[in-house]
Amino acid sequence: MPEEKHEIRHFVVAMTGASGSVYGLKLVSELLRAGERVNLILTSAGCQVLYHEVGLDWSADIKEQRHEVQEYFASIAVDCLAIDDFWAGAASGSAAADAMIIIPCSMGTAGRIAAGLSGNLLERAADVMLKERRPLVLVSRETPFNTIPLENLLRLSRAGAVVLPAMPGFYHGPEKIEDLVDFVVGKVLDQLDVQHSLFERWGEDRG
Ligand SMILES: Cc1cc2nc3c(=O)[nH]c(=O)nc-3n(C[C@H](O)[C@H](O)[C@H](O)COP(=O)(O)O)c2cc1C
């Protein structure tokens, strides 16, 4: 039997200054493991939170950031895009990615996308996904929500985005933090139609 050819897909992953940088790192690892291509965008606050929570300093210029990121993931299938680079393919509908995931997604970024500001590459790329009717997944993180982010997230959902809060379930018997991270990232991969084994599906253990 001839082996089925894997068509490589292109994902834009953006990490903002919401808490939960580990979710973004794990998602990129999983996409690369699945043989996909990733463009990574970090906001300035995203870099600060990443350093605070994980100890990775990716705040240098884009050339150095690319080097650090490719070394961290041991892959050249991941590339970094500068947040102010409106010349990147992700900024245009003619070169839109297969899907974009903002993970973790701050309320600030969600609000700016909901307002259609397109003030940096992340916001513009998200706007492109919405206008081209392509998958845009927002892994939002804040608690509690006030009415403004709730309304912004509703607006984004109505515009076609998938709002997938970083809200792990506990019904799969997590034993460590990694299990909680895997649950959320697995839910994202389900949205992208990427196969994974990050959690056991409900009913699987019962045959
Ligand atoms: C340690 C740390 C944790 C934060 N966690 C959150 C969070 O969970 N959700 C959120 O909306 N903002 C959070 N913030 C605030 C954002 O980083 C801030 O609003 C920033 O302007 C977001 O910018 P960005 O959307 O361009 O990344 C956090 C900030 C810090 C320093």
Side-chain angles (χ1 to χ4, degrees), residues 11-28 38-62 64-66 68-69 72 78-88 90-91 97 99-130 135-157 159 161-170 174 177-178 180-185 187-188:
F11 294 98
V12 172
V13 176
M15 293 171 61
T16 75
S19 184
S21 312
V22 281
Y23 294 119
L25 297 177
K26 181 70 184 189
L27 178 67
V28 174
V38 177
N39 274 152
L40 184 63
I41 306 175
L42 282 135
T43 66
S44 160
C47 285
Q48 292 176 48
V49 174
L50 177 70
Y51 183 65
H52 178 73
E53 293 187 342
V54 187
L56 289 170
D57 184 0
W58 289 352
S59 58
D61 63 52
I62 193 67
E64 181 61 24
Q65 189 185 86
R66 179 174 298 130
E68 302 267 351
V69 166
Y72 176 83
V78 55
D79 194 9
C80 296
L81 301 178
I83 190 90
D84 57 355
D85 181 7
F86 289 106
W87 298 90
M100 176 171 178
I101 312 94
I102 309 176
I103 175 170
C105 181
S106 73
M107 295 306 97
T109 287
R112 287 187 292 274
I113 299 168
L117 296 186
S118 289
N120 60 32
L121 178 63
L122 188 168
E123 293 160 26
R124 168 63 186 164
D127 196 59
V128 165
M129 300 311 282
L130 294 176
L136 172 65
V137 181
L138 278 77
V139 181
S140 51
R141 220 293 330 170
E142 187 51 277
T143 196
F145 283 129
N146 71 55
T147 314
I148 295 167
L150 284 172
E151 286 183 351
N152 287 335
L153 293 173
L154 176 62
R155 195 153 193 230
L156 287 163
S157 173
V162 172
V163 177
L164 195 157
M167 250 183 217
F170 289 82
I177 290 175
E178 203 187 331
L180 299 173
V181 173
D182 285 358
F183 181 90
V184 171
V185 173
K187 287 286 188 179
V188 174

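Fair warning: this is a prediction, and the values are worked out from it, not measured in the lab. Indexing begins at 1, ligand by ligand and atom by atom, following the structure's order. Values reported hereafter were calculated over all heavy atoms of this structure, with side chains retained and with hydrogens, waters and symmetry mates removed.
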Next on the checklist: Does any part of the side chain of Ile101, heavy atoms only, come nearer than 4.5 Å to the side chain of Leu164, both counted from C-beta?
Outcome noted: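 Result no, sub-4.5 Å side-chain heavy-atom pair not found.
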Item to check | Identity of the nearest option to atom 24 (P) of ligand 1, non-hydrogen atoms only, from Arg141, Glu53, Arg112 | outcome: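 Nearest heavy atom to atom 24 (P) of ligand 1 lies in Arg112.
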Item to check | Nearest candidate to atom 31 (C) of ligand 1, where distance is taken over non-hydrogen atoms, out of Ile83, Val49, Thr143, Ile113 | outcome: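 Closest candidate by heavy-atom distance is Val49.
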Of all the non-hydrogen atoms in the protein, which one sits nearest to [atom], and at what distance?
{"atom": "atom 1 (C) of ligand 1", "answer": "His52 CD2, 3.9 Å"}
{"atom": "atom 4 (C) of ligand 1", "answer": "Gly17 O, 3.4 Å"}
{"atom": "atom 11 (O) of ligand 1", "answer": "Met107 N, 2.8 Å"}
{"atom": "atom 5 (N) of ligand 1", "answer": "Ser19 N, 3.2 Å"}
{"atom": "atom 10 (C) of ligand 1", "answer": "Glu142 OE2, 3.4 Å"}

Atoms in ligand 1 flagged as close to [X], the criterion being non-hydrogen separation under 4.0 Å:
{"X": "Thr43", "result": "24 (P), 26 (O), 27 (O)"}
{"X": "Ala45", "result": "17 (O), 20 (C), 22 (C), 23 (O), 27 (O)"}
{"X": "Thr109", "result": "24 (P), 25 (O), 26 (O)"}

Measuring from atom [atom1] of [X] to atom [atom2] of [Y], what distance do you get when rounded to the nearest 0.5 angstrom?
{"X": "Ile103", "Y": "Arg141", "atom1": "CD1", "atom2": "CZ", "result": "13.5 Å"}
{"X": "Leu156", "Y": "Cys105", "atom1": "CG", "atom2": "SG", "result": "8.0 Å"}
{"X": "Met107", "Y": "Ile148", "atom1": "CE", "atom2": "CD1", "result": "12.5 Å"}

Checklist entry - Under 4.0 angstrom from atom 14 (N) of ligand 1, is there any protein heavy atom? => result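 When distances to the protein are checked, atom 14 (N) of ligand 1 has a heavy atom within 4.0 Å.
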Next on the checklist: Can you confirm whether some protein heavy atom lies under 4.0 Å from atom 21 (O) of ligand 1, or whether none does?
Outcome noted: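 Looking at atom 21 (O) of ligand 1, one finds that no protein heavy atom lies closer than 4.0 Å.
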If you compare all heavy atoms of [X] against all heavy atoms of [Y], which two are closest, and at what distance to 0.1 Å?
{"X": "Phe86", "Y": "Leu121", "value": "CE2-N, 3.8 Å"}
{"X": "Ala161", "Y": "Leu130", "value": "N-CD2, 3.8 Å"}
{"X": "Glu53", "Y": "Ser19", "value": "OE2-OG, 2.6 Å"}

